[in-house]
Protein chains: 2
Amino acid sequence: MDFEQADAINQAIRLLSLRHRARASALLAPLGLHPGQEALLLELARTGPMIKAQLSEALGCEPPSVTLMTRKLEASGHIRFRAVPSDKRASVVELTDSGKALATQVKQLWCALAEETIAGLAPDTVASLPDTLNTMTANVDSRRRAK
Amino acid sequence: MDFEQADAINQAIRLLSLRHRARASALLAPLGLHPGQEALLLELARTGPMIKAQLSEALGCEPPSVTLMTRKLEASGHIRFRAVPSDKRASVVELTDSGKALATQVKQLWCALAEETIAGLAPDTVASLPDTLNTMTANVDSRRRAK
DNA sequence: CGCATAACATTATGCGCATAACTAAGTTTA
DNA sequence: TAAACTTAGTTATGCGCATAATGTTATGCG
C-alpha cells in the first residue's frame, strides 16, 4: 500500500476518534458525565452488576482506569460498590437509582449521536459499519495479540 | 434508530479509537515517539514549515496541545522554531534533519499499520473507507458546527 | 500442609488532549 | 492616533487512558 492511501486511513481514524469523542463529550456534559463514563453506565445497565475485572474486560480498558472511573461515578452517586463474601479481593459494581435514571438518558443521547454520525452514508454502508469497524479493531487489538 | 444499533456504532468507534491508538503507540515507541507526535511530523513533511496556528488547524487539535507537542519534539531534536520577522507573535515550526529522517521511518510504519488495520475487509469497503470515515468525522465536527 | 503462582485491585506517574484565563502583538476604525 | 477588536501563543488545570510497581487474597500442586 502506498503512503498516501495509508495516511488517508490512519488520519481518518485519528480524526474520527477526536471528533466523535469531542461530540460525545459535548452531549454528555449537561448530564455531568465525561466521555468514557457513559460506556461504564451502559455496560452496567446492559449486563447488570459485575466486578471491576469484568468491567475492565467489557469496556476494553485497563484495571487502573476502571478504579478511577468507578471512584468518580461513585462520588457522583451513580454507582455503588458491594463486597463479595466469597472473594475478599473482588468488589461488585452496581447502578444506583440515580445511575439507572442517568443510563436511560444516556441511551437517548447515544441514539442521537449515532444518527448524527452516520448522516449522509449509504444504507448498506451503515448496515455493514459495525462489522467493518469491529474487524479493524480486532486487527489492531494488541490485547489478544499479546495473550 | 434503536439503541442496539446506535450502541453498536458508537461502541465500535470508541473501541477502534482505543485500539488503533494503542497499536500506533506500540509501533511508534521504538522510534521514541508518542501517538499524536507522528501526525505533526507527517504534516510538516507533507506541507513544509508552518506556524503553530496552521499546525493546530491541520492536525485538528487545539493550540495549547500544539504548544506542548512541539515543545517535546523540539526537546528531542526533531523540530526547530524560527521567528517570523513580519509578525512577532508567530513562530514557524520546521523539521530538523533528524526530524526528516524520522518522518520517513514513520511513513513506513504508517503503511504497515494501515495494512494491518484493513486486513480481511472487502476491497470496495477499503476503497470507500476514507470517504466513509471522513463523512462521519464531518458530521460530528463541533469545530465547524460552532463557527 | 505449605508454598509458588495467579487474580483483583490500588497507587504512582506520565502522555495526549481539552477548556479557561492570560499576555503580547497586530489590525481596524472612529 | 487612541481605543476596540482580533490573532498567536502560553500557562494552569483537569480528565481519560496507559504502564509499572505494590499489596492482598485465592488457588493449584508437590
Side-chain angles (χ1 to χ4, degrees), chain A residues 14-26 28-29 32-41 50-76 81-93 141-143 146-147, chain B residues 14-26 28-29 32-41 50-76 81-93 141-143 146-147:
Chain A
R14 175 176 176 273
L15 266 186
L16 177 59
S17 302
L18 283 175
R19 297 286 174 261
H20 188 263
R21 184 184 184 82
R23 185 71 185 130
S25 179
L28 291 169
L33 289 177
H34 291 275
Q37 303 184 328
E38 87 290 342
L40 202 158
L41 293 181
M50 64 182 81
I51 68 172
K52 291 175 186 172
Q54 291 173 310
L55 257 180
S56 163
E57 182 61 30
L59 297 180
C61 61
E62 300 299 319
S65 302
V66 173
T67 293
L68 296 178
M69 292 165 75
T70 53
R71 185 174 300 165
K72 281 165 190 170
L73 284 171
E74 188 206 17
S76 42
F81 299 129
R82 198 157 35 81
V84 180
S86 61
D87 190 339
K88 290 185 179 175
R89 297 167 306 179
S91 161
V92 168
V93 182
D141 190 342
S142 354
R143 285 193 148 191
K147 292 166 189 171
Chain B
R14 175 175 177 274
L15 267 185
L16 177 59
S17 302
L18 283 175
R19 298 285 173 262
H20 189 264
R21 184 184 185 81
R23 185 73 185 127
S25 178
L28 292 169
L33 289 176
H34 290 275
Q37 302 185 328
E38 88 289 342
L40 202 158
L41 293 181
M50 63 182 82
I51 69 172
K52 291 176 187 172
Q54 292 173 311
L55 257 180
S56 162
E57 183 61 30
L59 298 179
C61 59
E62 300 298 319
S65 302
V66 173
T67 293
L68 297 177
M69 293 164 76
T70 53
R71 186 173 300 165
K72 281 164 190 171
L73 284 170
E74 189 206 16
S76 42
F81 299 129
R82 199 159 33 82
V84 180
S86 62
D87 189 339
K88 291 186 179 176
R89 299 168 304 177
S91 161
V92 167
V93 182
D141 191 343
S142 355
R143 286 192 145 191
K147 294 166 191 173

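Note on naming: letters A, B, ... go to the chains in the order of the sequence lines (proteins, then strands), and numbering restarts at 1 for each one.
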Taking only the side-chain nitrogens and oxygens of [X], find out if one of them lies under 4.0 Å from OP1 or OP2 of [N].
X	N	result
A:R14	C:dC17	yes
B:S65	C:dA18	yes
B:K72	C:dG16	yes

Give the rounded distance in Å between these two atoms: [atom1] of [X] and [atom2] of [N].
X	N	atom1	atom2	value
B:L28	D:dA18	CG	P	17 Å
A:K88	C:dA6	NZ	P	24 Å
A:L18	D:dC17	CG	P	14 Å
A:R19	C:dC17	CZ	P	11 Å
A:Q37	D:dG14	CD	P	16 Å
A:L41	D:dG16	CG	P	12 Å
A:E62	C:dT10	CD	P	15 Å
B:L59	C:dA18	CG	P	10 Å

Results of side-chain contact (heavy atoms from CB on, under 4.5 Å) for [X] - residues two or more places apart only:
X	result
B:T67	B:R71
A:S25	A:P35
A:R89	A:D87
A:I51	A:A53, A:Q54, A:V84, A:A90, A:V92

Under 4.5 Å between any side-chain heavy atoms of [X] and [Y], yes or no?
X	Y	value
A:M69	A:C61	yes
A:R14	B:E38	yes
A:V93	A:V66	no

Task: Gap separating the CG atom of A:L28 from the CZ atom of A:R21, nearest 0.5 angstrom - done: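 So the gap between those two atoms works out to 10.0 Å.
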Task: Spacing of CG belonging to A:L40 relative to NZ belonging to A:K52, to within rounding of 0.5 Å - done: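 Here the interatomic distance stands at 10.5 Å.
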Open item on the list: Could you write out DNA chain D as dot-bracket? Rules: Watson-Crick or G-U wobble, both distances under 3.5 Å, brackets [ ] for crossings, | for pairs with another strand, dot for unpaired.
Closed with: ||||||||||||||||||||||||||||||
Open item on the list: Base contacts versus sugar-phosphate-only contacts with protein, heavy atoms under 4.0 Å: please encode nucleotides 7-13 of chain D as B, S and - from 5' to 3'.
Closed with: BSSBB--
TODO: Could you check A:S86 against A:G36 and say which one's nearest nucleotide on DNA chain D is further toward the 5' end?
DONE: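 Between the two, 5'-proximity favours A:G36.
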